[in-house]
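Data first, discussion second: the structure below is written as structure tokens.
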Amino acid sequence: MIKQRPTSYYFYFRTRKRAMVTCTVPLETPPTPNSPNDHNSLRLSLADDLLRRGRVSLAQQVIQRIIAHSPTVPDAISAVDFAAGRGMELGVGIYGVFIRRLIELGQSKLAYAVYCDNVIAKGIDPDSSIINSMVICLVKLGKLEDASILFDKLIGSGFVPCHAACMAVIREFCVQEMLLDAFDCLVSISKAKIQLGMRYYNFLIDGLSYKGHVREAMKVLDIMHERTGLLPTLHNYKSLFYGLCKKGWVVEAESIGGEMEERGFFLDKIMYTSLMNAYLKDKKIKMAVMVFLRMLKMGCEPDTFTYTALIQGIVKMGYFNKGWILYSQMNESRMLPDAVTYHILISNYCKEGKIICATTLLNNMACCNLIPSVHSYTALMSALYKDNRLTEVDELYKSMLNHGVIPDHVLFLILMKNSKRGNELQLSLLMLQDILKHGCGLNPTLLSGSTNIDPMINLEQEIEFLLEKIIGSNLNLANVAFGIYITALCERGNLDAALSCLRKMIDVGCSPLPFTFNSLVKCICQDGCLESFEPLVDIMQEWSIVPDLATYLIMINEYCKNKDLTSAFHVLDQMEERGLKPSVSIYNSILSCLSRKKRMSEAETLFQRMLEAGVDLDATVYMTMINGYFKNGQALEAHQLFEKMIKHDIQPCSYTYTVLISGLVKSNMAGKGCKYLDRMLGDGFVPNVVLHTSLIYHFLRKGEFDFAFRLVDLMDRSQIEPDVVFYIALVSGVSRYIDGVKKRCKINRKSDREREMLLHLLFQRKFLPRETILRFSFDSSEHIKCFVLKLMHRIKETKFMPNLSLYNSIISGLCWANRIEDAYNQFELMQKEGICPNEVTFTILIEAHSRAGQINQAIELFNLMNADGYKLDKVAYNTLLRGLCKAGKELHALSLVFAMRKRGFFPNKASYETLLRCFCACYLSIPAFNIVEEMFAHNYVPRRYSANWLLCILCKEKKLNEAHKLLDMMHKRGNFPDALTWRILVQASYLDNAPEMAPKFL
């Protein structure tokens, strides 16, 4: 049917203002049928003739052929213009061919405009040809999501997608690494029996296996075999094998390996190494060794990488001796270890405190022409700090720079933690200078950013000046430099400046490290600014850095350190909402906090939640729960949980046995402790210094000095070297009894037998130790003072350099011996040795001054702590509070309570009792009554004597309403006044002409 002639289609295209005008091909006037030599003209003449004879359908077919074979875009447009000019109906056929030809000629934008304005806008229902073309068009325009929706619509409508559309969608999914979407697309088109090229199957198998989607990769392999009839290639097998090993599915990996061997393929050393790693991650060391032996048997020679991977896995599981044997085998095979191998051994020696061995290995690397990594230097410096060998740290750092090793952000973190508080920016400045000098080859002394770096403003200007120089030289080093500076700002609590620095870092084109974000997260948690966390997450996502388990672990650790379990549980729930599975370490952090707060019922609930979530529990989690049970007096539950751990095939280590035996002995269950000690010896573990130290400190706390020092003598006979913790326990355990010798506990025959059995098992000889080597009498406090002083002198003679904890113990011992001047001498000495005092040090001195009646000096120390930026905690407040009460400064004590409340702290029970007695002694009944109300609000019940005292004062002052409230609070807690106080209450009600109050007191 011929309709009225519309406006020229050619003119329509020329006047459009949308995407069609983007066509750069010059449009010419459509050819007329009058040109005899033009082939298109002849075909157009044929179409015109068919139209005159009323053969419209045949004319449309001719136009479609013309468009399909048009060599240029203007030719295709001319044909469409011709049809429109003669009133021919432009249906789905012509539009389908026209759109497809435009796409083939590279005019996808023009094709998309035709589709929108002439198909969709006119309500034409597109057929499969048009949809297939538009799928290809949208892919080429980068609109993959729209193309995917249209492709699903095509399949959902029952149409068969064309090969080109399938290739276009899958290819684009693969290019954008949207492999799961590509897999779904493959499954959909496989039902349509469309065969892909082999490269697509191979690409999907490789990508899915690498990303850990092994099940999907195996499904692709099945589809490939079904569609092509081809068997997997060696490359396919290897991809699947590596993916299975990475996933930890060793059984399936072994199956793939067997199938390979049946087809004549053999595993190479990389595949054997991957399989060993998979077994080691699953803590199956025997299977990993068997794979290694199988590798040797098959004649596949291991290389350095194979040995290193096996050594690393074995050492991580705590079998360092076996790892060392493999290292020796490498040397015997004349196979030189690489830097990674050395780093594994150095790190392990550092963890065990064997610094000499670690240093020897570090020096050996130079003989092998190997340069140690910064990680090896970091591990060794950390160990030197723990051993308080500060001068050696400086020498090692200089040696590292001389060998051309550039410091990184992790090393900065170690140095910062062991430096004086407040020097974070100075340290970051020095490290940035080293990065500039040794990494960028620029001398910072010749580049003057500021003349004086003492004022804090100039210091920050100097750092920013160095950052600009590093940015201009090396962006990779700039990432590290920015991370160091941001970490320093976060450590100082300057969150705004740290976030500003992060924005600058991004603006200059640097890529923030996950470490940098984790420093910011830690600072946010410490400041309690949770509202800043979400914007930070958005920035992380812009850089494709998703908050991982390490980020959330930092958050939960910080909350647990501050005992903010509400926020910790909120983060845990947030993780699960984001689809992240919390790690064992995250759960363990919360469990530790719950056990410290004696909330074991909630800890048990969380432990059960872990089991239900399928978390792979390790020995650390079990030990956290066992420790919590012991600390809360639930020794039986701890014993039962240990047996459950054994049933779940989690083998106890030396630390596990140490915790259990020590806990049982402390719970007066020495008999069971001896049984587990015997089992520990049977498993090949030798009692170490940690177990001896724990037991010695326990018996010292009980006042059983004789038996405690028999254990000390036993350590010496067993040639167990004492460590710093041992001396700390010995000093603090003895010095606590200087003010008066504790009465000896009566030991029955059963307890005596158990102690002798404990000694016998610990010594592992045929004879028991005779008289203690440390002969000393503890019959008086003077004897104990002399012993503490001699012990501290002996510590100075040992190889150990005293650390902060040991100095605190020494200062505490001197303070208890009323040797405050000597304590201050040690206080000054520790600072000369580079050890900064902490809040504990000041609190010990404040308590000593308070005990000696020197309250003004105690107040001065407290103010000094506040002025120097030390964190005033509850212990410091409570110590000074008790000192003020003892000195009779009631008003100062009350003022300190108000200051505590502003900080969010409240006195503990002992401080409340001291305040109550102090106010009662001064007849300050109303403040005393307020203190009692606050005590009840915090679930503290005042002692009966103090409550009776206050009731009597209130009656004497005729404050019967307050007396009645106090009596009511006492009744609710099951605390009743004595008979004398009852009588005073009743008499006061009648004497005050208030007989109606008497029944209330009855």
Side-chain angles (χ1 to χ4, degrees), residues 350-356 383-389 627 630 653-663 665-666 673 677 680 685-738 755 758-759 761-764 769 772-776 778 784-814 816-817 826 830 833 835 840-841 844:
C350 291
K351 287 178 183 177
E352 294 183 353
K354 298 178 180 179
I355 298 176
I356 296 176
L384 289 169
Y385 271 124
K386 288 180 182 178
D387 211 26
N388 211 25
R389 296 159 66 172
N627 251 330
F630 278 128
C653 59
S654 178
Y655 171 72
T656 311
Y657 277 119
T658 298
V659 171
L660 184 67
I661 295 166
S662 175
V665 172
K666 290 176 182 178
L677 179 57
M680 173 184 173
F685 296 109
V686 179
N688 55 15
V689 65
V690 179
L691 178 58
H692 284 84
T693 302
S694 179
L695 294 174
I696 289 166
Y697 186 65
H698 165 67
F699 288 110
L700 286 175
R701 290 187 66 184
K702 292 182 69 176
E704 298 182 26
F705 294 103
D706 295 333
F707 187 76
F709 278 92
R710 288 182 72 187
L711 290 172
V712 174
D713 181 54
L714 180 63
M715 281 184 62
D716 185 63
R717 287 174 176 267
S718 301
Q719 298 181 348
I720 297 175
E721 290 292 329
D723 56 7
V724 178
V725 180
F726 167 78
Y727 286 113
I728 293 170
L730 206 56
V731 171
S732 58
V734 174
S735 63
R736 62 187 291 129
Y737 297 111
I738 287 178
R755 282 166 170 74
L758 189 63
L759 281 170
L761 290 170
L762 285 171
F763 192 57
Q764 288 297 290
T772 179
I773 294 174
L774 295 174
R775 296 175 182 173
F776 210 85
F778 297 99
I784 298 178
K785 290 179 186 178
C786 295
F787 175 78
V788 170
L789 295 175
K790 286 188 176 182
L791 184 58
M792 289 187 289
H793 180 70
R794 182 180 176 184
I795 293 169
K796 293 288 184 179
E797 295 176 347
T798 61
K799 65 176 182 178
F800 298 108
M801 292 293 291
N803 58 12
L804 178 59
S805 300
L806 185 54
Y807 265 115
N808 284 342
S809 298
I810 293 171
I811 292 170
S812 177
L814 290 168
W816 279 106
Q826 296 294 325
M830 66 184 286
E833 293 180 356
I835 301 174
V840 178
T841 317
I844 290 169

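Computed from a prediction, not measured in an experiment: that's the story for all the values here.
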Heavy-atom pair with the smallest gap, counting every atom of [X] and [Y]:
X	Y	answer
Asn808	Ile844	O-CD1, 3.5 Å
Thr693	Ala729	CG2-CB, 3.7 Å
Met715	Ile696	SD-CD1, 3.8 Å
Ile720	His692	CD1-CE1, 3.2 Å

With the side chain counted from C-beta on, respond yes when [X] and [Y] share a heavy-atom pair under 4.5 Å apart, and no when they do not.
X	Y	result
Leu730	Leu700	yes
Leu660	Met680	no
Tyr655	Asn688	no

Could you measure the distance from the [atom1] atom of [X] to the [atom2] atom of [Y]? Nearest 0.5 Å is fine.
X	Y	atom1	atom2	value
Leu384	Ile355	CG	CD1	4.5 Å
Ile661	Leu695	CD1	CG	8.0 Å
Ser662	Phe630	OG	CZ	8.0 Å

Exercise. Listed by chain and number, what are the ring-ring contact (aromatic ring centres under 6.0 Å, His included) partners of Phe699, not counting sequence neighbours?
Worked result: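 So Phe699 forms a ring-ring contact (aromatic ring centres under 6.0 Å, His included) with Phe707.
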Exercise. Among all residues two or more places apart in sequence or in another chain, which pass the ring-ring contact (aromatic ring centres under 6.0 Å, His included) test with Phe726?
Worked result: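 None.
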For this session: Can you sort out the partners of Lys386 under side-chain contact (heavy atoms from CB on, under 4.5 Å), two or more places apart, ordered by chain and number?
Result: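 For Lys386 the side-chain contact (heavy atoms from CB on, under 4.5 Å) partners, ignoring immediate neighbours, are Ser382.
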For this session: Check each of Val690, Val689, Leu691 against Pro687 using the side-chain contact (heavy atoms from CB on, under 4.5 Å) test, and report the only one that passes.
Result: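 Answer to the side-chain contact (heavy atoms from CB on, under 4.5 Å) test with Pro687 among Val690, Val689, Leu691: Leu691.
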